[in-house]
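First comes the structure, then the notes that go with it.
If you read the sequence from its start, that first residue is 1, and numbering goes on from there.
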Amino acid sequence: MKGSGSRFTQGQYTFLTRWLPFLVWGRSLTRRSLAADFLAGLTGAVIVLPQGVAYALIAGLPPEYGLYTAIVTPVIAGLFGSSLHLVSGPTAAISIVVLSVVSNVFPPDSSEFIPAVLTLTFLTGLVQLGLGFARLGTLVNFISHTVVIGFTAGAAVLIASSQMKYVLGLPVPTNSSFTQTWTALAQQFGETNFYALMIALATMLSTLLLKRINPRLPTMLFGMIVGSLLCWLIDGGSQGVPLVGSLPDGLPGFAVPDFSIDTINALLPGAVAVAILGLVEAVSIARAIAMRSGQRIDGNQEFIGQGLSNTVASFFSCYAGSGSFTRSGVNYESGAQTPVAAIIAALALVFILLLIPEVTSLLPLPAMAGAILLIAWGLIDSHHIRHILRHNRQESVILLVTFTSTLVIELEFAIYLGVILSLVLYLRRTSRPRLMEVAPRNLAPALDLRSVSRYNLATCPRMKIVRIDGSIFFGATDYIQQSLKDFSAPMGRGDYLLIVCSGINFIDMTGAEMMLQEIARLKAEGVKAKFCALKNTVKDELFASGYWEALGPDDFYSTPEEALAAITHDLNKHHCLICKSCIFSRD
């Protein structure tokens with residue numbers, strides 16, 4: 001593309017990759033790639049058919065809305081995103097958040113619910129587009145992976161809880177909370193419909209059995225077929241087992257979201273949460289697959305692709321979507337070469353809606369619920385959860401708080417709480433950089449400064465060497481200043497304090513002012529402060545801000561060896577001669 005034979009200039013190529021990326025990868029299409037995309041697309045359609053119906057039920061919507069989302073969203077996201085293999089559409093976590101956000105404004109069984117869902121989708125897309133146009137693709141890096149794990153696990157428990165009424169065949173009031181749902185189920189447990197329970201268990205067991213035999217097959221579709229056959233054999237309809245029913249005959253029509261000011265104001269905070277969660281999902285999945293495919297992912301372009309897909313989809317009876325790990329993984333494993341595979345999968349769903357909309361007419365809700373329970377179980381990253389709980393106390397707090405808040409408060413605020421907590425703990429950690437006293441472990445052939453306490457090293461009685469591992473910024477100045485006072489407290493007049501700066505990445509104005517104060521304090525106490533190994537980038541910033549001259553360039557040395565040579569030369573020779581530590585040479 002960028003070579004001499006390209007028909008695009010550098011400026012044109014940049015424009016195309018940002019605004020019309022499909023023209024770039026579209027030029028590489030061949031018969032072989034189209035054939036591979038066709039087969040991958042058919043595989044994706046088989047997988048997304050049951051998932052689309054299941055996710056729509058999780059979101060409190062009729063099943064066709066999940067399929068509409070699986071048709072429109074992946075096409076727009078594939079054309080305007082940067083990933084060649086990411087498949088967007090309805091997802092379990094987004095679905096449960098959509099239900100949580102909108103049901104707090106309108107009941108799921110009200111006429112205002114679906115227009116409000118479309119409004120939420122539109123607002124989600126606008127937020128994502130805004131972040132993409134503002135080049136804030138790195139924003140997702142500020143959302144801890146632990147927050148995502150905790151939230152997803154909590155969402156999985158909520159999803160499973162919402163389906164237990166279908167598994168047990170028990171009525172639960174609409175829009176019940178987590179505790180209300182389980183309270184209602186416990187009170188009616190003796191009235192369980194064992195026909196519904198049998199169908200759900202048959203669906204789950206057959207799905208797991210086929211996955212064990214060959215996980216590449218459409219196991220969920222197979223399980224639902226088994227559940228439907230069992231329902232037909234036992235005449236489940238006459239036993240009180242509800243059915244999903246037929247899909248509407250036709251394609252998603254043009255729909256207008258509710259643009260009233262009251263609705264927008266009520267849904268906007270939730271839209272921000274959905275947008276952020278959707279972007280985290282999409283970019284994380286795209287990058288995970290790119291590590292295997294060797295493709296470079298542009299986070300900003302993915303923001304734009306996801307934003308356009310949700311904005312456009314909101315006018316075609318779709319709800320908020322994002323990248324799907326399952327469908328994206330299957331898409332890549334099936335040999336997909338370009339986003340044409342996602343487009344083919346969408347077209348296959350169009351044919352299903354046009355030719356066989358009654359495909360779900362005999363599908364029992366307990367079978368759907370059984371499949372959703374397996375989806376929910378798959379969302380729980382038990383491996384990483386165990387690792388976090390065993391090895392990292394701070395991350396464990398973030399995980400448990402996010403998980404618990406997902407169950408007890410509104411989901412969008414659970415996301416915010418997890419993000420805020422992770423940032424607070426991160427700031428707390430960075431505001432307490434490590435300051436340790438070091439001493440030479442070896443002088444030759446190269447100076448090796450190590451922790452005094454860890455290696456039980458001898459120290460010079462006339463000099464302390466302190467290494468700072470962390471940046472000196474406004475949040476850390478108090479801690480650093482107090483730590484330096486503690487280190488210098490036992491020092492006498494004429495002693496030296498050498499600060500090793502190799503671990504400092506930046507010093508802001510507040511940090512520079514603090515250093516000036518400490519130099520003046522130490523000087524007043526008769527202690528001489530010296531510095532070494534300051535990075536050139538940090539030095540340049542101090543010079544540009546006018547602090548370099550104020551700090552005293554003569555007190556800064558390039559290396560610890562240079563600093564120690566100068567300090568030991570200045571030390572009183574009488575003290576060096578009678579010193580029992582004698583950790584430096586007397587040359």
Side-chain angles (χ1 to χ4, degrees), residues 22 25-26 29 32-56 63-92 94-95 207 210-211 214-225 247 251-252 278 281-282 285-286 288-290 292-293 295 302 305-306 309 313 318-319 321-356 359-360 371-372 374-375 378:
F22 57 88
W25 56 257
L29 292 176
R32 178 173 295 180
S33 68
L34 287 173
D37 288 338
F38 180 78
L39 294 176
L42 292 182
T43 304
V46 172
I47 291 174
V48 77
L49 175 61
Q51 282 190 348
V53 175
Y55 293 154
E64 61 267 19
Y65 283 82
L67 297 183
Y68 294 164
T69 305
I71 291 172
V72 180
T73 302
V75 173
I76 305 298
L79 291 175
F80 292 95
S82 70
S83 174
L84 297 177
H85 301 102
L86 179 69
V87 179
S88 297
T91 69
I94 295 292
S95 298
T207 300
L210 183 62
K211 183 175 291 188
N214 190 344
R216 297 175 65 90
L217 294 176
T219 56
M220 187 181 297
L221 182 63
F222 175 78
M224 290 184 183
I225 292 173
L247 299 171
L251 299 176
E281 279 192 335
I285 294 167
I289 295 178
R292 301 170 62 188
S293 66
Q295 186 197 355
E302 283 305 322
Q306 293 297 315
S309 67
C318 304
Y319 71 96
S322 180
S324 166
F325 183 82
T326 302
R327 297 194 297 280
S328 299
V330 170
N331 190 49
Y332 176 74
E333 294 292 341
S334 300
Q337 302 294 311
T338 69
V340 169
I343 297 173
I344 291 173
L347 291 175
L349 289 181
V350 168
F351 282 111
I352 290 174
L353 286 174
L354 291 176
L355 302 179
I356 48 173
V359 68
T360 60
I372 292 173
L374 294 179
I375 293 172

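- Shown here is F325, whose CZ atom has no more than 12 heavy atoms of other residues, nucleotides or ligands within 6.0 Å.
- Atoms CG and CD, on L86 and Q306 in that order, are 6.0 Å from each other to the nearest 0.5 Å.
- Shown here for P63 and V53, the closest heavy-atom pair between the two residues is CB-CG1, 3.5 Å.
- Between P218 and L210 the shortest heavy-atom distance is O-CD2, 4.4 Å.
- At a threshold of 4.5 Å between non-hydrogen side-chain atoms, the residues S88 and E281 do not count as touching.
- The backbone N or O of L29 lies less than 3.5 Å from no partner atom in the side chain of S33, so there is not a single donor-acceptor pair.
- Of the possible donor and acceptor atoms, none in the side chain of H85 sits under 3.5 Å from a partner among the backbone N and O of A290.
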Worked verdict on V46 versus L42 for side chain to side chain contact (heavy atoms under 4.5 Å, CB included): CA-CA 6 Å; V46 172; L42 292 182; 5.8 Å; no
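- Remark: the backbone N or O of V87 is paired with a side-chain donor or acceptor of S328 at under 3.5 angstrom.
- When all heavy atoms of N331 and A341 are compared, the closest pair comes out as OD1-CB, 3.3 Å.
- The two residues I344 and G41 come nearest to each other via the heavy atoms CG2-CA, 4.1 Å.
- Without hydrogens or angle criteria, S334 side chain to A40 main chain gives no donor-acceptor distance under 3.5 Å.
- Atoms CG and CG, on L353 and L251 in that order, are 6.5 Å from each other to the nearest 0.5 Å.
- To the nearest 0.5 Å, atom CG of residue L349 and atom CG of residue L49 are 6.5 Å apart.
- Scanning both residues, G66 and Y319, for their nearest heavy atoms gives CA-CE2, 4.1 Å.
- How far CG of L34 is from OG1 of T338: 7.0 Å, rounded to the nearest 0.5 Å.
- Here the side chain of Q51 pairs no donor or acceptor atom with the backbone of I375 at under 3.5 angstrom.
- Nearest approach of S322 to T91, heavy atoms of both residues: O-CG2, 3.8 Å.
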Worked check of side chain to side chain contact (heavy atoms under 4.5 Å, CB included) between I343 and D37: CA-CA 9 Å; I343 297 173; D37 288 338; over 6 Å; no
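- In terms of modelled atom types and a separation under 3.5 Å, the side chain of S309 and the main chain of I76 share no donor-acceptor contact.
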Derivation of the side chain to side chain contact (heavy atoms under 4.5 Å, CB included) call for W25 and V340: CA-CA 10 Å; W25 56 257; V340 169; 3.8 Å; yes
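- Atom CD of E333 is separated from atom CD1 of I289 by 9.0 Å, given to the nearest 0.5 angstrom.
- Counting only distance, with no hydrogens or angles, the side chain of E302 and the backbone of S83 share a donor-acceptor pair below 3.5 Å.
- The CD1 atom of I352 sits 10.5 Å away from the OG1 atom of T360 when rounded to the nearest 0.5 Å.
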